[in-house]
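Presented below is the structure to which this report refers.
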Amino acid sequence: MARFVFITGGVVSSLGKGLASAALGALLQARGYSVRLRKLDPYLNVDPGTMSPFEHGEVFVTDDGAETDLDLGHYERFTGVAARQTDSVSSGRIYSNVLEKERRGDYLGKTIQVIPHVTNEIKDFIHIGEDEVDFMLCEIGGTVGDIEGLPFFEAIRQFAQEQPRGDCIFIHLTLLPYMAASGELKTKPTQHSVKELRSIGLAPDILLCRSEREIPEKERAKLALFCNVREDAVIPARDLKSIYEAPLAYHNVGLDRAVLKAFQISPAPRPKLAKWQDVADRVYNPEGEVLVAIVGKYTQLEDAYKSIAEALTHGGIQNRVKVKYEWIDSEIFEREDPAPHLERFDAILVPGGFGERGTEGMLKAAQFARERKVPYFGICLGMQLAVIEAVRNLAKIENAGSEEFDQESGKKRFTPVVYHLKEWVEGNRTIKRKTTDNKGGTMRLGAYNAVLRNGSQVAKIYQSETISERHRHRYEVDLGFREPLEKYGMIFSGMSPDGRLPEIVELSDHPWYIGVQFHPELKSKPFEPHPLFADFVRAAVEQSRLV
Ligand code: GLN
């Protein structure tokens, strides 16, 4: 039976609850416990799949094909535990389950209410798989006081009440703002936030206090007194230069000890932190630096490509270099020559994306990288565009394009090199989709195998013949272009096991030009960098020596 840690937030949003939860998960693992992390999001979307990246940042995809919150990415990067469909839930999903049951008659004619029907649904969700791990860490999205959050707070209150005494603890993450005028860290917002929590029946065991400065002993004692927590359970969480220092930093301020103490477990052996020491050492003491251009369209919001940024950092960790990256809005290249913009970079990455906007500019970036022999990494849309670019400029089919763009504009302008896939094989099932299906869940989602061509560059990089990677897309490169493109050195070096769907392309006469239909960034970890990102950064290091 698992013990449960509930993590809530107060005062302001974006304090890094996900990161704190993930780092705590890593620390509990370092003490020999097994963990699973979960995110309960109060918003009403059924899942983040249909949300714009501007709204909610990246959509993180799990092996079992769930489109989830980006915090699940942090969980995986810190714990290495592959997240599942059942690790992320929203109010929308909870209500939709409840309403489905109501329509089926499962409630036997009862009046359906937030308490108990919605709260029961939330509690059932928290219980899933509880026998598999020592600790289940559940993060509640949003901040205390949000209207949508109330059923979740009520559900975890009931949950703790129903579990054996001492099996659940509550961590509350808040902010201590610094007032320059008086030179003080202010504790009042935290006091109010805890008051709010207590008014709905939740008493935090641990306060995690974000602040830019050291918390003086006096303020710590005051927080303990007014918020009714032990003084050694007021944990300072200072800002860090790298998120990968978080497990070490939280250990140094006693978070893991405080958590075990709250469960009345005496913290036995020293945690095994060598892995994190090595990661932090590599992050803080790089031996060089490379500069990567990320040419995409959701460039205003870094979170839209969170996992890509992290995976690049991991590639740097592997090569002991600092990877700096700049986001470039591809639309610029529709007006201006890309060369002056891109010449100063050691490598170019074109990430995933949806819709036609910005794609002509991304094609220019792909062409620049191909012709100038600059390392190019195309991910999902970035692979599709690499193929379209080759068909246009090498095979000379000038109007080569993707069905996605024609479907969007309702005009027939392109020769489709990339087409809308409506039927594919998953395990031993055939999945069929229509263009008119509703937006949620019409994509090829989750883990699929690919078979790598013997002797190809990717087979060397992966050191393997078969790989499994996560997907999230509707369109596929048309196999009909394999032969025409091979003449020009573009090899389809990874294919779906049935040989029908191109998964990877590479250029044979180029130092590093690889496009992948999947999202390798989702599986990269600081202590286990993804081979493609590790090798891409290696190629960037070599390129930087040429410049
Ligand atoms: N829009 C493309 C598709 O649906 C690519 C998706 C992506 O980059 N994730 O196939």
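Along the sequence shown, residues are numbered consecutively beginning with 1.
- The local environment of NZ in Lys275 is crowded, with over 12 non-hydrogen atoms from other residues, nucleotides or ligands closer than 6.0 Å.
- Separation of atoms CD (Glu121) and CG (Asn97) is listed at 4.5 Å; rounding is to 0.5 Å.
- Looking at Arg470, its side chain never comes within 3.5 Å of a backbone N or O of Phe518 through a donor-acceptor pair.
- Between the side chains of Glu196 and His172, no donor-acceptor pair of N or O atoms lies under 3.5 Å.
- Nearest heavy-atom pair, Leu312 versus Val323, reported as atom, atom and distance to 0.1 Å: O-CG2, 3.3 Å.
- In this structure, Glu289 pairs ionically with Lys324, as a charged nitrogen and a carboxylate oxygen lie closer than 4.0 Å.
- One N or O on the side chain of Thr119 and one on the backbone of Pro116 form a donor-acceptor pair closer than 3.5 Å.
- Using a 4.0 Å cut-off between charged nitrogen and carboxylate oxygen, Asp63 and Arg84 do not count as a salt-bridge pair.
- No donor-acceptor distance shorter than 3.5 angstrom exists from the side chain of Arg444 to the backbone of His471, with no hydrogens or angles considered.
- Looking at Asp69, its side chain does come within 3.5 Å of a backbone N or O of Asp71 through a donor-acceptor pair.
- Side-chain N/O atoms of Ser88 and Thr68 include no donor and acceptor closer than 3.5 Å.
- Residues Ser34 and Asp134 bring a donor and an acceptor atom of their side chains to less than 3.5 Å of each other.
- Not a single donor-acceptor pair under 3.5 Å links the side chain of Glu326 to the backbone N or O of Val292.
- Electrostatic pairing of Arg220 and Glu231 does not count as a salt bridge here, judged by no charged N lying under 4.0 Å from a carboxylate O.
- Listed for the Asp64 side chain is a donor-acceptor partner under 3.5 Å among the backbone atoms of Gln85.
- Phe153 has its side chain within reach of Ile140: a pair of non-hydrogen atoms, C-beta onward, lies under 4.5 Å apart.
- A donor-acceptor contact under 3.5 angstrom links the side chains of Tyr462 and Glu469, judged on distance only.
- Residues Thr8 and Lys17 share a closest heavy-atom pair of C-CD, 3.5 Å.
- Salt-bridge formation is detected for the pair Glu100/Arg104: a Lys NZ or Arg NE/NH1/NH2 atom is positioned less than 4.0 Å from an Asp or Glu carboxylate oxygen.
- The ring-ring contact (aromatic ring centres under 6.0 Å, His included) test with Phe78 singles out one residue from Trp276, Phe527, Tyr250, and that residue is Trp276.
- How far CD of Glu219 is from OG1 of Thr190: 10.5 Å, rounded to the nearest 0.5 Å.
- Put simply, the side chain of Asn228 never gets that close to the backbone of Ala224: no donor and acceptor are under 3.5 Å apart.
- Taking both residues in full, the closest heavy atoms of Gly296 and Tyr305 are given as CA-OH, 4.1 Å, listed atom of the first, atom of the second, then distance.
- Between Leu185 and Leu176, the shortest heavy-atom contact is CD2-O, 3.5 Å.
- Between the side chains of Tyr75 and Glu139, at least one donor N or O sits under 3.5 Å from an acceptor N or O.
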Practice problem: Could you give me the CA-CA distance, side-chain angles and deciding distance for Tyr244 and His314, then say whether ring-ring contact (aromatic ring centres under 6.0 Å, His included) is met? | Solution: CA-CA 10 Å; Tyr244 295 118; His314 306 162; 5.4 Å; yes
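- Under 4.0 Å is where a charged nitrogen must lie from a carboxylate oxygen, and between Arg165 and Asp167 no such pair does.
- With Phe159 as the partner, the ring-ring contact (aromatic ring centres under 6.0 Å, His included) test is satisfied by one option alone out of Phe170, Phe125, Phe152, Phe4: Phe4.
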Practice problem: Apply ring-ring contact (aromatic ring centres under 6.0 Å, His included) to the pair Tyr325 and Phe345, showing each step before the final yes or no. | Solution: CA-CA 9 Å; Tyr325 42 80; Phe345 291 96; over 10 Å; no
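- Under a 3.5 Å cut-off, the side chain of Lys123 and the backbone N or O of Val118 do not form any donor-acceptor pair.
- For Lys297 (side chain) and Phe354 (main-chain N/O), a donor-acceptor pair under 3.5 Å exists by modelled atom type.
- Distance check, rounded to the nearest 0.5 Å: CG of Asn120 to CD1 of Ile94 gives 10.5 Å.
- Although no hydrogens or angles enter the test, the distance criterion places a donor-acceptor pair under 3.5 Å between the side chain of Tyr284 and the main chain of Ser242.
- Salt-bridge check for Asp87 with Lys39: failed, with every basic side-chain N at 4.0 Å or more from each acidic carboxylate O.
- For Leu381 against Pro351, the heavy-atom pair with the smallest separation is CB-O, 3.9 Å.
- Side-chain contact, Tyr448 with Gln517: no donor N or O sits under 3.5 Å from an acceptor N or O.
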